[in-house]
Amino acid sequence: MLGNTSDRQRIAQQRLRIIAGHLQGPVDGDSAILAAECKAQGSKTDVCREGKTVPRRRQEIMKWNGWGYSDSKFLFNKKGQAEFTGKRYRLSGMIIPGLKDWMEGTFGANLQHKTPATPLLTSSAVQPATLNKAFLEELKSTGIPFSHDAEDRVFRAHGHCLHEIFALREGKFGRVPDMVVWPNCHNDVVKIVELACKHNVCVIPYGGGTSVSSALECPPEETRSIVSLDTSQMNRILWIDEKNLTAHVEAGIVGQDLERLLNESGYCTGHEPDSMEFSSLGGWVATRASGMKKNIYGNIEDLVIHIRMVTPRGVIEKSCQGPRMSTGPDIHHFIMGSEGTLGVVTEVTMKIRPMPEYQKYGSVVFPNFEQGVACLREVAKQRCAPASIRLMDNEQFKFGHALKPQVSSIFTSFLDGLKTFYITKFKGFDPNRLCVATLLFEGDREKVLQHEKQVYDIAAKFGGLAAGEDNGQRGYMLTFVIAYLRDLGMDYYVIGESFETSVPWDRVLDICRNVKARIIQECKDKGVQFPPLSTCRVTQTYDTGACVYFYFAFNYRGLSDPVHVYEQVEHAAREEILANGGSLSHHHGVGKLRKEWMRDTVSNVGVGMLKSVKDYVDPDNIFGNRNLL
Amino acid sequence: MMFLSLQHRDPMLKKRDDFEDMLEERRNSSDLRYALRCYTPVLYKGLAPCKASMLKSMVLQSDQLHHVIGQVSRETGRAADDVQEEASAILEEMAHCLQLSTVRFFAFTLSKVFKTLFRSICVNEEGIQRLQQAIQEHPVVLLPSHRSYMDFLLMSYILYTYDIALPVIAAGMDFMGMKFVGEMLRMSGAFFIRRSFGGDKLYWSVFSEYVKTMLKNGFAPVEFFLEGTRSRTSKSLTPKLGLLNIVMDPYLKGEVYDINVVPVSISYERILEEALYAREMLGVPKPKESTSGLFKARKVLSEDYGSIHVYFGQPVSVRSLAQGRVNRCQFNLVPRHIPRRPSEEIQSFVNDSAYRLVRAQEENMVLKPWVLLASLLLQNHHQDQTAGQKRGMVLEELTAQAVWLRDMFREYGAFLHWPVVLLDICVGGQVKPGEPHSTVTPEEELLSQAVIVLSCASYRNQGLHVFLRPALLASAINAASSNLKQEVFNSFSFLRNMFSNEFILCPGATVQDFEEACYLLVKTGALQVTQQELLVTERGQRTVAFLTSMLDPFLQGYQVVCRFLCEEATENLTEKQFVPAVRKFIIKHLLAGRLRYTEVLSSDLQKNSLAALLRLGAVQKIKGRIKLSKVTYSSVFLLRTCVNLTYNC
């Protein structure tokens, strides 16, 4: 395919730079790339487990009561400026001058009013473990590692819903798993599930722990011993089939490792959910995940070729890897979205693609949100959506602006000023109405440029102005750091969350307007003292509709039970979504948070069908997390 | 089922705003300057400004209209362009073209006219402020009560005065007949709709899309009359649901976040058309609206029409009305632009909302002392007639009774406007409804007396809503065979059901109404409620007697219609012949002294009773002919009960 080694190396370098730029923070580009290259060569022979992100004791590198890595967080330094610590991200180590004003302006937050989290986990506050002795004895004999350390258990008792994190910050723990096991491979899982069935122990599979649907919460009414089955050590790529472009991977692998390891062989899956740093392949399958580049690569259901799942009835899998089958209802669709209620996904065969040669960010400014949506609709109609296209509303545009790091040169700030002047004064865009779409193109260099032109031409028809690569890139970076920002907010009386839906095109504008208005009204009715942030963006386009994401946050000073208020507002917002023709979820899943609407969503018969599957596969409710139904 | 556990909010505690006379300033400053002043109303926050012509093209390009045009063209085999042209013509005929210059012209002339006609035009300014707020937040629908042609000019005049966005007004096509004036009204914001367009899909589609487009864009507040037409009797009319359905649709389909509906109560001390109405109800047809007719009518300018009170009610959010009532998911599975018959859920929601809104209008109607006096005089007149005397009433007695009645009205939560200074009525001796002047035949004498009685009744009717429920209860107590609560409730329920075409009685609210009635009568000490029984107290006798005789004329009216249908109705009675035939029958009986109330000559009453009997299944309409339902036992039984009941009363 390629001429000579140097050429190949050049291209490989380029690819790595793209990935690095996209994911990590290549502070000094060259050395990082070289290091990665060495490792790639080394790892070719044995598909290894070196450089894996997730250790068994997750708390060693990750926060136990917040999002992400312990070393990365937003804080206000002594000068009162916001900065982002650590070295992992593009934004790491930078000052963000606009953030303070934005927080004060948007939420009425005040740096004097702090709500710090409980710093340390006090083990005594954790319920003592209910252990099933017989199960424990037999487990020991298998040699599979396990733990009933309080920290380990607490870490696996939650996802990242607001109420879960809020409780952790206050040092409050409800029902937590009684022990954690770390199977190393498929057979370990088979053993664990067999033992669990034998001794009637409840098993809750745990992948990346990034759930936002209360899916990981232990049912308080569960009296059996609860075992959290942490798949993080099942993280190998077992083989890569370059002829068919598939890879067979253990389901515990997290997104960033999967991508990095495949990249080393020149491939990628292209599946990049916003949580990909921490979420796992098994989790994606269990929740029907969606990645931001689905326009090229597809969502998880398009990517999966073969699934192996261990259930109380035994192992379920297909007998071949045919690209499509007409063999009754696809059994994969019982597994995808089962949210850990049927078994543990252990191994998955996925489609892989050669890494794209060229990647380019872009952005378009529209005079208003309506025009922006119209443009996205047209792009979808012409089926020319780039790898990713997202439209932020005005509030979110301002938010993105507030996250601009300090510019190093006067020249850049001068250029910024000039751009602003051009857009608002010369083109007459109202700064309080304009909105911005961020774009990511991927593929052959020439095709990308051609594609880019096509999209910008469409945008121009809807009054859009190209606004540069930088704005686009910052937009995507925001996705990775926004979860960190919530922790900062929580230090200063601000709580918030995001939620999503999918909706037909003709409803997009209506749903955005109505849900945002409903949030504002509900906050007012529930006694929130400050105007909330209520904003949305269109994050995915489909032939017939789009995925819409809402962000919602408010300053809770003066409220006695802020989490309750928050939950009421989110509940109302979901009702509004459903009343406006939106779906219960596009990719977050149902969990326990949205269970109450399942019946209305899939009809009585639908619930009955799902129930009967559950009853057959898991009659004793071993997988007793009580999600979904 | 009916316990007084439910504590009703005491209607006396209703808080109402104060009024300001807006004519006062007009009397003290230049009308011309007023008409030319700077007019900068606040607008809906989401408003994208657009001209009337742009509105039209938005309507013509709408998905809904496209769909219906396609459908009509397929069904009729006409070319789509042809149908499109028809739609365009319909829109042309319908659309308003609001022009500020015309509004200014009206502002000037109406100032002159109003100052001549009325002593004052009182407006609750707090209501205006609420409206101003509402307009900025969500699209607004204005729902004034409808008693006079004056209503919508008056509304626009007020809104112009207070610098509020001028409404677009749904008006009947009959105005279009008035050359020039029709166009003037169009330029002041009226749009014209045909009175009936039952099966015309295209017309309906253009019309509903036009209204919705204006509403959704916040172009202007949409104004229409829930009652559909002017009430000739001063009672509120059963609401018409067509337009309300249309304006609620954008909310139900999620096209706007919310819609504010503002009921407006316009109370005239004396209605311009008062004599016309009485004649019309007695069979003199209403004159066709024409410009020359308007000029002939200018003699009204020399008369005194007292004052007008306009009360802008609390804006009602459609969202909160629909909360828990309507599942909006029902629109999820069919494209929203395809017109569909509203589901039963929605029909009943719109119907209930309509009743609520009409009741909100009623509640804030200002009642003048005349209303009380007319009630008393009419009752007295009827007693005189029974006794065969022509006594009238001594002024002192009338005053005393009026004061008693006033206190009762207040207790029932009426919005009374009682002058502080005692009225200087210069009537010597006795007061009674006027006497006919020169008469020829007994029938003519009867009719000319009826004109006076019906005019009087229209004053009385203004206050009917205040004690409608207690009056139904009082009549029910009289009609019931015992004092047992259940018995009384049954007869209350029957009466209420029978009268639900006559008065504003929300469907399905029988228990609430019964409880409300009990509450009011108990509160005023007229009734005692025990576990089993309802007992009228000693001092309650007077109240109950008064209340019962309030409803008496209506009961007799329904009774006489029943009797007519039983005794005289021929096989071939068409709907058209019904009113004249009943009238003949009634005149015969009145002249023979077999009927007490001249009021039953009102065609309004006759039509309502026919509608009620149709609804109750006692009569049927077959091919436009009215037939007693012979097959059904129940209908005969119903008729009997009707007749018996009224005899009992």
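The chains referred to below are lettered A, B, ... by the order of the sequence lines, with proteins before strands, and numbering in each begins at 1.
- Under a cut-off of 6.0 angstrom, the local environment of CD in B:Glu344 is sparse, with at most 12 non-hydrogen atoms contributed by other residues, nucleotides or ligands.
- The local environment of NE2 in A:His333 is crowded, with over 12 non-hydrogen atoms from other residues, nucleotides or ligands closer than 6.0 Å.
- Here the shortest heavy-atom pairing between A:Asn514 and B:Val256 reads OD1-C, 3.7 Å.
- Side-chain N or O atoms of B:Arg336 include one that pairs as donor or acceptor with a backbone N or O of A:Asp506 at under 3.5 Å.
- Between B:Arg319 and A:Glu576 there is a salt bridge, since at least one side-chain N of the basic residue sits less than 4.0 Å from a carboxylate O of the acidic one.
- If you take CD on A:Gln521 and OH on B:Tyr257, they are separated by 3.5 Å, rounding to the nearest 0.5 Å.
- From B:Asn327, atom CG reaches atom CG of A:Asp600 across 7.0 Å, with rounding to the nearest 0.5 Å.
- Counting non-hydrogen atoms of other residues, nucleotides and ligands closer than 6.0 Å to CZ of B:Arg356 gives a total of 12 or fewer.
- A distance-only check finds a donor-acceptor pair linking the side chain of A:Arg513 to the backbone of B:Glu255 [under 3.5 Å].
- Note that NZ of B:Lys253 is 11.5 Å distant from CG of A:Asp510, once rounded to the nearest 0.5 Å.
- For the set A:Arg507, A:Lys516, A:Arg518, the count of heavy-atom pairs under 4.5 angstrom toward chain B peaks at A:Arg507.
- Around the NZ atom of B:Lys201, the shell of radius 6.0 Å holds more than 12 heavy atoms that belong to other residues, nucleotides or ligands.
- The two residues B:Asn332 and A:Gly581 come nearest to each other via the heavy atoms OD1-CA, 3.1 Å.
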